[in-house]
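Only one structure is covered here, and it is reproduced in the block below.
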2 protein chains.
Amino acid sequence: MNEKKRIPKSAVSRLSLYLREIQRLEKDGRDRVSSTELGEFTDLTDAQVRKDLSYFGNFGTSGSGYEIATLKASLRKILGKGAMWPIVLVGVGNIGSALLRYPGFKHEGFVIKEAYDVDRNKIGVRYDELVVKDVADINKNEKGKAAKIAIIAVPEKAAQDVADILVKSNVKCILNFAPVVLKVPEGVTVRNIDLSTELENFSFLLSFSK
Amino acid sequence: MNEKKRIPKSAVSRLSLYLREIQRLEKDGRDRVSSTELGEFTDLTDAQVRKDLSYFGNFGTSGSGYEIATLKASLRKILGKGAMWPIVLVGVGNIGSALLRYPGFKHEGFVIKEAYDVDRNKIGVRYDELVVKDVADINKNEKGKAAKIAIIAVPEKAAQDVADILVKSNVKCILNFAPVVLKVPEGVTVRNIDLSTELENFSFLLSFSK
DNA sequence: CTTACTTCGTGACTTATTTCACGAAGGCGG
DNA sequence: CCGCCTTCGTGAAATAAGTCACGAAGTAAG
Ligand SMILES: NC(=O)c1ccc[n+]([C@@H]2O[C@H](COP(=O)([O-])OP(=O)(O)OC[C@H]3O[C@@H](n4cnc5c(N)ncnc54)[C@H](O)[C@@H]3O)[C@@H](O)[C@H]2O)c1
Ligand SMILES: NC(=O)c1ccc[n+]([C@@H]2O[C@H](COP(=O)([O-])OP(=O)(O)OC[C@H]3O[C@@H](n4cnc5c(N)ncnc54)[C@H](O)[C@@H]3O)[C@@H](O)[C@H]2O)c1
């Protein structure tokens, strides 16, 4: 076990894949899995799988691999999947409403608890138990049960302002769909979903490869 | 200029950011920019900016930085942004329809030319000039103007099958929203948009930092 | 209990990426 | 034309990430 060593940033994302796979295996009735097999499922080498897991503990047994029930419990713990994480969403347009309609998040331990927009046509709309609120009221988040995770799905021009407000209301993690590099203080983490950039990676590849 | 050296994978994504920023600057009437400034906008070091650009050419001028018009033209060329890239979309659900409604792609040089679904309620629906077709007819893509880029926005269980079909119809790049690791032959590139994994990175961070 | 086989955990090594830091230009004021 | 300032391009150094390969530990069969 390697409690001390630096953990590569991408290792956490891979942990997420491992967890997903072993949950699938568990559903299929499997109860053990080897690093080789897990590697095949996730398109990684067996060594990568073992090393990633070893950053967090000794989950395996020489000769017989990993017990699924145990590994699952450990990975869930590491990834913070004990509780239901509340999320605040800002921008209920194309993307925002797609997220609100997606039932998968609840099963994954995430729930969009609040959603905000500026558009009076959006405000008041109900999605399941949630009603879209006016973004002007967002600071009411500040007082109570404050979500630490936010999703920004507003137009590019509004994104930085929204981020600033979210940071003030104590959000620590932002998933940003707007095509902007957000400026946030230390201690706040931003991850970008940047579809144009993804596509440009493709057009780059395609233009070069012939 | 460094035509020979291996280019870090992430450099291409950063090029995309640089291009976006200088286009913004151009709109603001600016005509030159330095690596330092570009670094500030993109949250990178000046050295990183210069090194990334230097993989592709000598775009700058000592003492006065980069001329925006020139750099923009070069980056657009590198990223393959001369033509309009046709895209095929499979799965017109929450995500798929959000993509179809997004006008931004056209401005970026990408256009969803075909969209497929299995659901008869989706088939036949019109989005602008596009009409959703039956996924059973997807191989008709095979003959003609075949898109090289595809987006998969179907449920997890269907994703691998769809990927196999797309690969057969000569798609070379797949943007995958389904939470699965797709198996594709060499020469085909997959990039995943994996929202659960993104959120699990957050829950990991939040559970550890206190 | 012993042998043969499997599979983990990990230090050492390799490869990839980023950062540093400096020489060489280019611009500008005098 | 000269010094001074700015900013590039880039090898060299540093850091980060991934792969290798092997000892140790487990399993299973006879
Ligand atoms: N839809 C896509 O496929 C797609 C693709 C790539 C990038 N994006 C990016 O994702 C973001 C959202 O895209 P979209 O298609 O959902 O946009 P959209 O225009 O459909 O929705 C944006 C929503 O944000 C709301 N809004 C605007 N300013 C606001 C503010 N200050 N506070 C709160 N709400 C505000 C608008 O009323 C609207 O409902 C954009 O930045 C877009 O560039 C979207
Ligand atoms: N919506 C979200 O916010 C969200 C979040 C995370 C992940 N995802 C993932 O993105 C994917 C799409 O999500 P969604 O919410 O849009 O799902 P959705 O159920 O709304 O839409 C899926 C669409 O795919 C169609 N489909 C099913 N099988 C098909 C097939 N074989 N060929 C063609 N079409 C087929 C369905 O008819 C449906 O229209 C899923 O894999 C989901 O797990 C979505």
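Reckoned from all heavy atoms, side chains included, excluding hydrogens, waters and symmetry mates. Every chain is numbered from 1 and lettered A, B, ... according to where its sequence line falls, protein lines coming before strand lines.
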field: Set of residues satisfying ring-ring contact (aromatic ring centres under 6.0 Å, His included) with respect to B:F41, sequence neighbours excluded
entry: none

message: By the definition side-chain contact (heavy atoms from CB on, under 4.5 Å), identify the one residue from B:L53, B:T61, B:I22 that meets it with B:Y66.
response: B:L53

- prompt: Heavy atom of residues 20-48 of chain A under 4.0 Å from DNA chain D: which residues?
  reply: A:T45, A:A47, A:Q48

- prompt: So, does A:R50 use its side chain to make a donor-acceptor pair with the main chain of A:S35 at under 3.5 Å?
  reply: no

task: Could you list all the salt bridge (Lys or Arg N to Asp or Glu O under 4.0 Å) pairs where at least one residue sits in residues 173-186 of chain B, not counting sequence neighbours?
output: none

Salt-bridge present (A:R24, B:E156; N to O < 4.0 Å): yes

Side-chain donor-acceptor pairs under 3.5 Å in residues 83-92 of chain A, sequence neighbours left out?
{"unit_1": "A:W85", "atom_1": "NE1", "unit_2": "A:G80", "atom_2": "O", "d": "2.7"}

Residues forming a ring-ring contact (aromatic ring centres under 6.0 Å, His included) with B:F177, sequence neighbours excluded: none

field: d(CD1, A:I68; P, C:dC8) in whole Å
entry: 12 Å

For nucleotides 28-30 of chain C, give me every protein contact, N/O to N/O, under 3.5 Å, one pair per line with atom names.
none

- prompt: Who pairs with B:N201 by side-chain hydrogen bond (donor to acceptor under 3.5 Å, both in side chains), at least two apart in sequence or on another chain?
  reply: A:S13, A:R191

- prompt: Counting side-chain heavy atoms from CB outward, which of D:dG18, C:dG9, D:dA16 is closest to A:Y66?
  reply: C:dG9

message: Checking B:F59 now: which residues fulfil ring-ring contact (aromatic ring centres under 6.0 Å, His included) with it, not counting sequence neighbours?
response: none

- request: Could you state the atom-to-atom distance from OH of A:Y55 to C1' of D:dA16 in whole Å?
  value: 9 Å

field: Strand contacts (DNA chain D) in residues 180-194 of chain B, 4.0 angstrom heavy-atom criterion
entry: none

B:N176 (side chain) donor-acceptor with B:A178 (main chain) under 3.5 angstrom: yes

Options D:dT10, D:dA16, C:dG26, nucleotide nearest the side-chain atoms of B:T61: C:dG26

- line: Rounded to whole Å, CD1 of B:I7 lies from P of D:dT10 at a distance of 13 Å

message: Whole angstroms only, please: what is the OH-P distance between B:Y18 and D:dC8?
response: 12 Å

query: Going by the salt bridge (Lys or Arg N to Asp or Glu O under 4.0 Å) test, which pairs reach into residues 71-84 of chain B, not counting sequence neighbours?
result: A:E200-B:K81, B:E26-B:K72, B:K81-B:E108

task: On DNA chain D, check which nucleotide each of B:G65 and A:D52 is closest to and give me the residue with the more 5' one.
output: B:G65

- request: Send over the distance from A:R14 CZ to D:dA16 C1', rounded to a whole Å.
  value: 12 Å

task: Send over the distance from A:K9 NZ to D:dA16 P, rounded to a whole Å.
output: 7 Å

Report each atom pair, protein N/O against N/O of nucleotides 1-6 of chain D, whose distance is under 3.5 angstrom.
none

field: A:T70: partners by side-chain hydrogen bond (donor to acceptor under 3.5 Å, both in side chains), with sequence neighbours left out
entry: A:E67

B:D117 (side chain) donor-acceptor with B:D119 (main chain) under 3.5 angstrom: yes

task: Give the C-alpha distance, both sets of side-chain angles, the deciding distance and a yes or no for side-chain hydrogen bond (donor to acceptor under 3.5 Å, both in side chains) between A:R101 and A:S97.
output: CA-CA 6 Å; A:R101 276 191 285 261; A:S97 61; 3.2 Å; yes

- prompt: Contact class for B:K51 (heavy atom, under 4.0 Å): base, sugar-phosphate, or nothing?
  reply: base

query: OP1, OP2 of C:dT15 versus side-chain N and O of B:R6: anything below 4.0 Å?
result: no

query: Closest nucleotide of DNA chain D for A:R50 versus for B:F59: which of these residues is on the 5' side?
result: B:F59

- request: Find the distance B:N58:CG to C:dA24:C1' and express it as a whole number of Å.
  value: 12 Å

